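So you know, we letter chains A, B, ... as the sequences are listed, proteins then strands, and number each from 1. This one's a predicted model, so the numbers in the text were calculated from it and none came from an experiment.
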Amino acid sequence: MAKVLTSRADDYNQWYQDLVTKADLADHSAVRGCMVIKPHGYAIWEKMQQALDKMFKDTGHVNAYFPLFIPKSFLSKEAKHVDGFAQECAVVTHHRLKTIGDTPETRQVVVDEKAKLDEELIVRPTSETIIWNTYRDWIKSHRDLPLLINQWANVVRWEMRTRLFLRTAEFLWQEGHTAHATKQEAIEETERMLDVYAEFAENFMAIPVIKGIKTPNERFAGAEETYCIEAMMQDGKALQAGTSHFLGQNFAKAFEVKFANSENKLEYVWATSWGVSTRLMGALIMSHSDDAGLVIPPKLAPIQVVIVPIFRSEEELKAITDAANKLMTDLRAKNITVKFDNNDKDRPGFKFAQHELKGVPVRLGIGPKDLANGSVEMARRDLMTKEVVPMEGLAQRIADTLDDIQSNMYKKALERREAMTHYVNTWAEFEAALDKGGFVMAHWDGTAETEARIKEQTKATIRCIPLNNKQEDGQCILTGKPSKERVVFARAY
RNA sequence: CGGGGUGUAGCGCAGUUGGUAGCGCACUUGGUUUGGGACCAAGGGGUCGUCAGUUCGAGCCUGGCCACCCCGACCA
């Protein structure tokens, strides 16, 4: 068997890189830090979008679209916000090009200096400012609230160092921006959307997550409180998979967004924002995939079942095709997506390997023996097992198998996370646990100074303070000062 | 942005002292094959990352730039 991927044991980073490109998910582009998302990768992203979009709509949100460009002056209206993003913004300064040079050899396109913009435009790193500037006009009365809007968009953050899906200069995401009459409602919204993300991660992506809040250091610029879901990758590193922010009245005050309450008094509105991005693709890959390639949970697989015919003659192929067509009709009736891979170029063994690389959850092999016996060979991608099963009742059996794969993938990821979560009480234990990899649950004295010192010494950050965290007396692993709860430390992507 | 590395066909690589580019896989055509990455035969594909310089002559030497990888700093 020809090896296509670097193994995880040999070089985890290289494995990830190989997998993303070899499984046709994405490629590097001609533009620094930007990727081309290829059809197979985009198909998975579309499945994520569809599931999330439905969840957003089911919780009362509607979609809209705001501009890519933000006037520079908007960004500076919220002081902490601009500090958070100023370092990584792309700036549009001109609106016209011109051609210089008389011959084809010397001809080139240059910026027309006469076409300088009066006010420079920022390519959005996130859309709070343009949206809140717009909301000012939309919100006049408590009857306009709550305003529950989401947008699917691209954003640009000029990153120093990029990795496909995990951190790219341009990425795709959704950003929800909501306005509420009361603080309580806004906090409820923030928590509701965190729950939506957690449910999506666990039920669709089959990734267990810890819901928690960020420390002030790790908080979104401009937020009062940042909630997050944290996932653990196979190498034990943490990955922030989604965030939901309670923005308080910071943006309402910066953009003068006030509403008349029922007593006709003007009040500033309360805000939230929340987002997940194509980074989830990275989480999906690093949670489940193996040395043979991608493993995709059935609920997000663009193709859930592939049928590979095994044949010698045209007659055999025709008989197999008839059987496959019947089966496909049954599967589609159950909303299972299925592909019949009948190209005559590749041999069955090659097809098996290809579909494993691309992560198709269930593969069926149908050959002359199966037609004679009324059976098929069914292979599971998650367990890499094969069994011969009867054609009778197969569609239902496959539906059940897909369900089982979905839950098995979650269970496996959960077991791995539990095995790689360490509870420690001393500094020596803490360092040892970090070197093993995974989440380290430890007491912390609650100060930013201690958090920074730990990060400096170990590269580990506080991923979150879990919601509904168990309260227990303990001592900070670094300073020995008293602590009431353990927080999640890890090295992170 | 700093330190290190890499860049030759779609992918992985070789290319000697500077003398005008090759191998494996993939691709095309034909045939034989087909239950775990088939085989035979004949073909096609390259401004050697890019721009300049040195030279009679550059894949090879020199410099600039670009991209990617690893390690830092920064960050979702």
Base paired to [N] (Watson-Crick or G-U; both N/O distances under 3.5 angstrom):
| N | value |
| --- | --- |
| B/U55 | none |
| B/G10 | B/C25 |
| B/G18 | none |
| B/G30 | B/C40 |
| B/A73 | none |
| B/C60 | none |

A/Gln87, CD: over 12 other non-hydrogen atoms inside 6.0 angstrom
no
Verify the contact: side-chain N or O of [X] to OP1 or OP2 of [N], cut-off strictly under 4.0 Å; return yes or no.
| X | N | value |
| --- | --- | --- |
| A/Arg163 | B/A76 | no |
| A/Arg312 | B/U34 | yes |
| A/Gln17 | B/C69 | yes |
| A/Asn13 | B/C70 | yes |

Within the structure shown, what part of the strands sits under 4.0 Å from [X] by heavy-atom distance: base, sugar-phosphate, or nothing?
| X | answer |
| --- | --- |
| A/Gln240 | sugar-phosphate |
| A/Phe220 | nothing |
| A/Ser313 | nothing |
| A/Gly33 | sugar-phosphate |
| A/Leu166 | base |
| A/Pro368 | base |

Could you check whether the rings of A/Tyr135 and A/Trp132 sit parallel, tilted or perpendicular, using 30° and 60° as the cut-offs?
perpendicular
Going by the angle between their ring planes, with limits at 30° and 60°, are A/Phe56 and A/His61 parallel, tilted or perpendicular?
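Ring orientation, 0 to 90° scale: perpendicular.
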Using the [atom1] atoms only, state how far [M] lies from [N], rounded to an integer number of Å.
| N | M | atom1 | answer |
| --- | --- | --- | --- |
| B/G53 | B/C27 | P | 42 Å |
| B/C1 | B/A9 | C1' | 35 Å |
| B/G7 | B/G46 | C1' | 15 Å |

Can you work out whether A/Pro309 or A/Lys345 has the more 5'-proximal nearest nucleotide on RNA chain B?
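By nearest-heavy-atom nucleotide position, the 5'-most residue is A/Lys345.
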Of A/Asp344 and A/Lys386, whose nearest nucleotide on RNA chain B comes first from the 5' end?
A/Asp344
The side chain of A/Arg167 lies closest to which of these nucleotides: B/G35, B/C75, B/C68?
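Comparing B/G35, B/C75, B/C68 against the side chain of A/Arg167, the answer is B/C75.
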Mind calculating the distance between [atom1] ([X]) and [atom2] ([N]) to the nearest angstrom?
| X | N | atom1 | atom2 | answer |
| --- | --- | --- | --- | --- |
| A/Arg381 | B/G36 | CZ | C1' | 14 Å |
| A/Lys369 | B/G36 | NZ | C1' | 13 Å |
| A/Glu456 | B/A73 | CD | C1' | 12 Å |
| A/Asp24 | B/A26 | CG | C1' | 13 Å |
| A/Lys351 | B/A38 | NZ | P | 12 Å |
| A/Arg32 | B/C65 | CZ | C1' | 12 Å |
| A/Trp15 | B/C69 | CH2 | C1' | 18 Å |
| A/Ile366 | B/G35 | CD1 | P | 16 Å |

Pair A/His81 and A/Phe251, ring centroids less than 6.0 Å apart
yes
Classify the side-chain pair A/Asp341/A/His355 by whether it contains a donor and acceptor separated by less than 3.5 Å.
yes
If only atom types and distance count, is the side chain of A/His288 paired as donor or acceptor with the main-chain N or O of A/Val295 below 3.5 Å?
no
Under 6.0 Å from the ring centre and within 45 degrees of the ring axis: does the NZ or CZ of A/Arg363 meet both conditions for the six-membered ring of A/Phe352?
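Yes, a cation-pi geometry holds between A/Arg363 and A/Phe352.
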